[in-house]
Amino acid sequence: MLSVVGPVYNESASIAEFHSRLVAVLRGMGIPYEIVYVNDGSQDSTLDRLREFSRQDPCVRVLDFSRNFGHQLAITAGMDHAEGSACVIMDTDGQDPPELIPRLYESWRAGHEIVYCVRTKREGETWFKKATAALFYRIIRRITNVDIPPDTGDFRLVDRRVLDVLSDMREVHRFMRGLTCWTGFKHARVEYSRAGRLAGTTHYPFWKMVRFALDGITAFSHAPLRWVTFCGLGASVISAVIGVWVLYVKIFNDQAVRGWTSLMVLVLFMGGMNLIAMGVIGEYLARIFDEVKRRPLYIVRERIGFGDARGGSDPAARRELLRR
Ligand code: UDP
Ligand code: MG
């Protein structure tokens, strides 16, 4: 069976169109399938639509979150509940074309355990988003030791083996595209041109993207901490040189008071450096704090279309059952 996981947040304007395209593709493939929609705390009528799909088609299952937990956790929940031998993860706003699924499936049948989709073109997105995304993927590639391919999103197909590994990784700040690459396995890539949204606007405004980028970097790299150390070392060397000069002026020269400008520059510079260093350490510390709290990653209010015989309501128990 092939599972399709789709996170849905306030997509009532376009979810019906997406769903009918997806179902057409899956039926055309002639294989058993399930669709797991995760309603990530939508405030519009998205949930009603999803209920309707599930009523019409027993292959549609819906997880309804108790509030908005974010895209990455919605994907996580969907993957935890997917029961197929392979699972496709895709956005439900029409930007990831369902028509690509047969190609992903073929590549999986050919023996690849992760088939990720590379965007060759992106329509309907601002140059700013494209430029910052391009920059981000190049930075993260440089400073992490995980080979995260540039210009890929979460649109991909993963094998059951990968699903099992991922569902055992319960870290809180989840950068899913990085985690999948981190697992290793046999990769393949499929290229596609990314369309614009069917309706509405992105749910990733600037600051949310910055946070997401920080999650990605801190989850896979200690480089920022190392930079701070190097900056500290550099600053110490400079201070030592200046210290010698200051002593020289003091001892061999009676114009010692003149140094006000250099003093101000140094104090301000060092103050700034200190704050930046503390900020970087704080970013990591905050994430450690979130991890030690060990809260559940997401809370499901209701499961729709999941038969109880298939493992009950506890995801861990379900996973155990499926593995046996
Ligand atoms: N999404 C979600 N929770 C959120 C934000 C987004 O489940 O808090 C879903 C959204 O419905 C869509 C996908 O995640 O299917 C990607 O979101 P979006 O299209 O806003 O991001 P973009 O494509 O602009 O990066
Ligand atoms: Mg989108």
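Order of listing sets the numbers, starting from 1, for every ligand and every atom in it.
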**Message:** I need the nearest protein heavy-atom contact for atom 21 (O) of ligand 1: residue, atom name and distance, please.
**Reply:** Y204 CD1, 3.3 Å
**Message:** When you group the ILVMFWY residues by side-chain heavy-atom contacts below 4.5 Å and let the links chain together, are I89 and W182 in the same group?
**Reply:** yes
**Complete:** Of all protein heavy atoms, the one nearest atom 1 (N) of ligand 1 is Y9 CB, 3.6 Å
**Asked** What atoms of ligand 1 come within less than 4.0 Å of a heavy atom belonging to K208?
**Response** 5 (C), 8 (O)
**Prompt:** Hey, looking at atom 24 (O) of ligand 1, which of T202, D93, I75 has the closest heavy atom?
**Reply:** T202
**the Mg ion (ligand 2) to nearest N/O/S of Q95 below 2.8 Å** = yes
**Message:** Could you tell me if the side chain of E34 sits less than 4.5 Å from the side chain of R61, heavy atoms only?
**Reply:** yes
**Request:** Run down the list G94, G6, P7 and name the one with the heavy atom closest to atom 7 (O) of ligand 1.
**Result:** P7
**Message:** Under a 4.0 angstrom heavy-atom cut-off, which atoms of ligand 1 come close to R194?
**Reply:** 23 (O)
**Request:** For A235 and M273, work out which heavy atoms get closest and say how close.
**Result:** CB-CE, 3.8 Å
**Request:** Tell me, please, whether F289 has K293 positioned over its six-membered ring: NZ or CZ under 6.0 Å from the ring centre and within 45 degrees of its axis?
**Result:** yes
**Nearest-contact summary for atom 14 (O) of ligand 1 - protein heavy atom, Å** = H71 CD2, 3.1 Å
**Message:** Less than 4.0 angstrom from a charged side-chain N to a carboxylate O is my criterion; do K130 and D151 meet it?
**Reply:** no
**Message:** Could you identify the single nearest non-hydrogen protein atom to atom 3 (N) of ligand 1 and state the distance to 0.1 Å?
**Reply:** D40 OD2, 2.6 Å
**Item:** Closest approach of any protein heavy atom to atom 18 (P) of ligand 1, naming residue and atom
**Value:** R197 NH2, 3.4 Å
**Request:** Using a strict 4.0 Å cut-off to heavy atoms of Q95, name the atoms of ligand 1 that fall inside it.
**Result:** 19 (O), 22 (P), 23 (O)
**Request:** Check whether any N, O or S atom of D93 sits under 2.8 Å from the Mg ion (ligand 2).
**Result:** yes
**Asked** Can you list the atoms of ligand 1 that are under 4.0 Å from a heavy atom of G70?
**Response** 3 (N), 8 (O)
**E11 neighbourhood, listing ligand 1 atoms whose heavy-atom distance to it stays under 4.0 Å** = 10 (C), 11 (O), 12 (C), 15 (O)
**Request:** Answer yes if I148 and F155 sit in the same cluster of Ile, Leu, Val, Met, Phe, Trp and Tyr residues linked by side chain heavy atoms under 4.5 Å apart, and no otherwise.
**Result:** no
**Asked** Do the numbers put R67 on top of the ring of F69, so that NZ or CZ is under 6.0 Å from the six-membered ring centre and no more than 45° off the axis?
**Response** yes
**Atom indices of ligand 1 within 4.0 angstrom of N68 heavy atoms, with elements** = 3 (N), 4 (C), 8 (O)
**Asked** Are there more than 12 heavy atoms of other residues, nucleotides or ligands under 6.0 Å from atom NZ of K208?
**Response** yes
**Prompt:** Within the side chain of T144, is there an N or O that forms a donor-acceptor pair under 3.5 Å with the backbone of S221?
**Reply:** no
**Item:** Closest protein heavy atom (residue, atom, distance) for atom 5 (C) of ligand 1
**Value:** H203 CB, 3.6 Å
**Item:** Side chains of M90 and F18 in contact at under 4.5 Å (non-hydrogen atoms)
**Value:** yes
